[in-house]
Participant: 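Structure below; questions to follow.
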Protein chains: 2
Amino acid sequence: MADLARELGVSMTTVSRALSDHFSIGPEMKLKVQKLAKKYNYQPNRMASALRKGQSKLLGIIVPYLEGRFFPKVVRGMETAASRAGYNVVICQSNEDLTHERRNIESLLSAQVAGILVSVSRTTDDFRHFEKVRGRGLPLVFFDRMMPGDALNAVVLDDREGGYLATRHLLAQGGRRVAHFGGLQQLTIYRNRYQGYRDALAEAGLPVEEELTYFGDNTEEAGAEAMRRWLALPNPPDAVFAAGDYAALGAMQEAERQGLVVPTDMAVGGFSNETFTPIAKPSITTVDQRCDEMGQAAVRLLLELIDAQAQGLDFASRQLVLRPELIIRESSQRLGRLSPTPEPLADAAVQ
Amino acid sequence: MADLARELGVSMTTVSRALSDHFSIGPEMKLKVQKLAKKYNYQPNRMASALRKGQSKLLGIIVPYLEGRFFPKVVRGMETAASRAGYNVVICQSNEDLTHERRNIESLLSAQVAGILVSVSRTTDDFRHFEKVRGRGLPLVFFDRMMPGDALNAVVLDDREGGYLATRHLLAQGGRRVAHFGGLQQLTIYRNRYQGYRDALAEAGLPVEEELTYFGDNTEEAGAEAMRRWLALPNPPDAVFAAGDYAALGAMQEAERQGLVVPTDMAVGGFSNETFTPIAKPSITTVDQRCDEMGQAAVRLLLELIDAQAQGLDFASRQLVLRPELIIRESSQRLGRLSPTPEPLADAAVQ
DNA sequence: TTGTAGGCGTTATCAG
DNA sequence: CTGATAACGCCTACAA
């Protein structure tokens, strides 16, 4: 910058102002400076700028992992919204690990991000690192997985609704004994999906039977194990709603290994609309999580917080809830005629 | 930091040195400072530090996208290696778009990263932004997809070998007319996979027939379109090696839609070991890309470059080539007896 | 072993 | 409209 100033015979102040399009600089001066900057390939040092201004155009994102369909899609949505507002993003993976998550927070604080978007790790049971962020006055928005409490900003999916829609659909397809593969219940998302399952059963006048619920990791192995247990029961289920697609797949495969036909003997529904769900045979009915919307909404909320803070305003904390979408595929469609139920329930989601 | 110094009645220098574990500070002083820092929850401002030292502990990563299995896995490998060396990473997506890629480079330069790891976008045909990075003396390592030229550092997969192994396997399974779905040939990886295909054909004394090659995007639709064309030929192929798993899947599905049985009538091999390949029915034979190794190797190479540069040494540019692994699944295994070939070629990869 | 002083590249303030 | 100056938080010669 000093070079530019010297070459043009003006001060650094003028150069700085011309480059940041300050109103007090004449248009022809601006043009001259900007042209020379381009010629010399001048690159502003944002560290220095952030240091001086105490604020960077950087948003921090913490996700548990990047594998799978959900988080990459959400991150893409975030990047879209962020770059529209002139922000860049830094992505960190917590690897579903509390220690990692703490380190991620430290990194982002040290990187002087303008705000943090976080989806809490599965194993996190201590939330002081998040309190620290708020203590510093740094805007914080949770997405998909939030910490407990209600004075916080978050964008989440209505997981209960998702579980409810999926289970109701299985019942409407003639399921009389619908089992549930639940995720680890310390995560709100899994508790809510379970709640949706129970709500749908209650609505149909059915009891929640403990022998028909199984909680575990969302993996094929766990899904298969659950199915093995269920099929060993005197009165096994005829449908399963799994809180994750991997478990749904594992359960489906195990049922088939044991000679059952899906969906005729065993209807299956999952959660997340993973890439493989339309590809599996039969293709898997699942719940879509509105990834892109979630990412964009989370960034918009964060930017509002940042703006409010810059203006010294108080901002009431807000939680956005997105409605999930049930995607009906082969693994659950008994097509009526095969249904063992005399009077299937109505299913509004089926066209 | 000034607060700490005041409270302890020492200078900021002492505090700074105590915190960075400088040798000239007494152990009891260090302890005192560090305890107080913890108490006040002192967080070093890395922007200021980076500004002063002209170097940050930040590595920039540019990937075309994060969806799918490959890039998340590579990034995970990178994070592992980076964090071992005390570095953090910033991830950017170029979205397979040159303009985006240029912006990513600018962002990373402005963020004062210590080095950049990049996998080039598919549409990039102008490489000046990379030259600019090297012009600044910033270490640059390509992974998986590199720019043309040879005075550069890169970690790549031996894509030719992957194409060769897959094609040779299809031939060994009795394929007599093996078709190839190739990716866009402006990317070296796809040219190399095509080359491997041709090498395997040549080794088996077979000609490369133009009507049996099709180039397109790695999507299900393109794969299906290719298969439609091939099946309309007077003498259609009996096996396909696709340079991507999505295309392999699309081709396989189209073949089945037209009444063929995979692998009996049509053997199929893909590339990338995507998550869905073991799940599809039949499961898809594919080539694994050693994601984790690639990520770790790329970071190690970058760190060596950074070190060499810090010591003012010259570093001969280096290209690491990883060997891919052929993963044989159902979509290609004709199990000998079904093979229409009288004398199948030997296939070392089959156990 | 500790302190002093100057500067990394930018920008806000205040004075022309 | 433009310029001089100080400061952001940290690090490191150099001096003590």
Participant: In this structure, how many angstroms lie between the C1' atom of D:dC10 and the CD atom of A:Gln112, rounded?
Facilitator: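 One finds 12 Å between C1' of D:dC10 and CD of A:Gln112, rounded.
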Participant: Quickly work out the A:Tyr42 OH to C:dG9 C1' distance and round it to whole Å.
Facilitator: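 After rounding, the gap between these two atoms is 7 Å.
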Participant: What's the shortest heavy-atom distance between A:Gln93 and A:Tyr65, and which atoms?
Facilitator: OE1-CA, 3.7 Å
Participant: Between D:dT5 atom C1' and A:Arg52 atom CZ, what is the distance in whole Å?
Facilitator: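 Atom CZ in A:Arg52 sits about 11 Å away from atom C1' in D:dT5.
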Participant: If I take atom CE in residue B:Met47 and atom C1' in nucleotide D:dC10, what distance separates them, rounded to the nearest angstrom?
Facilitator: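 It is 13 Å, rounded to the nearest whole Å.
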Participant: Taking atom C1' of C:dG7 as reference, at what distance in whole Å does atom CG of B:Leu51 sit?
Facilitator: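 Spelled out: CG on B:Leu51 to C1' on C:dG7 is 9 Å.
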Participant: Base, sugar-phosphate, or nothing for A:Met1, non-hydrogen atoms under 4.0 angstrom?
Facilitator: base
Participant: Under a plain distance cut-off of 3.5 Å, with no hydrogens placed, do B:Glu96 and B:Thr123 share a side-chain donor-acceptor pair?
Facilitator: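 Side-chain D/A pair, B:Thr123 to B:Glu96: absent.
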Participant: To the nearest Å, give me how far apart CG (A:Asn45) and P (D:dC10) are.
Facilitator: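 Interatomic distance, CG of A:Asn45 to P of D:dC10: 16 Å.
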Participant: Angle, rounded to 10°, between the helical axes spanning five pairs at each terminus of the helix from C:dT1-D:dA16 to C:dG16-D:dC1?
Facilitator: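 Terminal axis comparison yields 40°.
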Participant: Got a sec: does the CG of B:Asp150 have more than 12 other heavy atoms crowding it under 6.0 Å?
Facilitator: no
Participant: Looking only at side-chain N and O atoms, does B:Ser107 offer a donor or acceptor that is under 3.5 Å from a partner on A:Asn88?
Facilitator: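 On atom types as modelled, these side chains qualify, holding a pair under 3.5 Å.
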Participant: Is it the case that atom NZ in B:Lys132 sees more than 12 heavy atoms from other parts of the structure closer than 6.0 Å?
Facilitator: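 Yes - once you tally the heavy atoms of other residues, nucleotides and ligands closer than 6.0 Å, there are more than 12.
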Participant: May I ask you to list the residues of residues 11-28 of chain A, by number, that have any heavy atom positioned under 4.0 Å from an atom of DNA chain D?
Facilitator: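 Close to the strand are A:Ser11, A:Thr13, A:Thr14, A:Arg17, A:Ser24, A:Ile25, A:Gly26.
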Participant: Under a 3.5 Å cutoff, is there a donor and acceptor pairing between the side chains of A:Gln296 and A:Arg290?
Facilitator: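 Side chains of A:Gln296 and A:Arg290: no pair found under 3.5 Å.
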Participant: D:dC8 P sits how many Å from B:Lys53 NZ, rounded?
Facilitator: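 Going from NZ in B:Lys53 over to P in D:dC8 covers 21 Å.
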Participant: Check step by step if side chain to side chain contact (heavy atoms under 4.5 Å, CB included) holds for A:Phe71 and B:Leu66.
Facilitator: CA-CA 9 Å; A:Phe71 288 112; B:Leu66 281 170; over 6 Å; no
Participant: Determine the minimum heavy-atom distance between B:Pro139 and B:Ile306, stating which atoms define it.
Facilitator: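 Distance-wise, the nearest heavy atoms are CG-CG1, 3.8 Å.
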Participant: For the pair made of CZ in B:Arg6 and C1' in D:dG9, what is the distance, rounded to whole Å?
Facilitator: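 Going from B:Arg6 (CZ) to D:dG9 (C1'), I get 14 Å.
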Participant: Return whichever of B:Val10 or B:Ala48 has its heavy-atom-nearest nucleotide of DNA chain C closer to the 5' end.
Facilitator: B:Val10
Participant: Using a distance-only test with no angle check, is there a side-chain donor-acceptor pair under 3.5 angstrom linking A:His22 and A:Ser24?
Facilitator: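 Yes - a donor-acceptor pair under 3.5 Å links their side chains.
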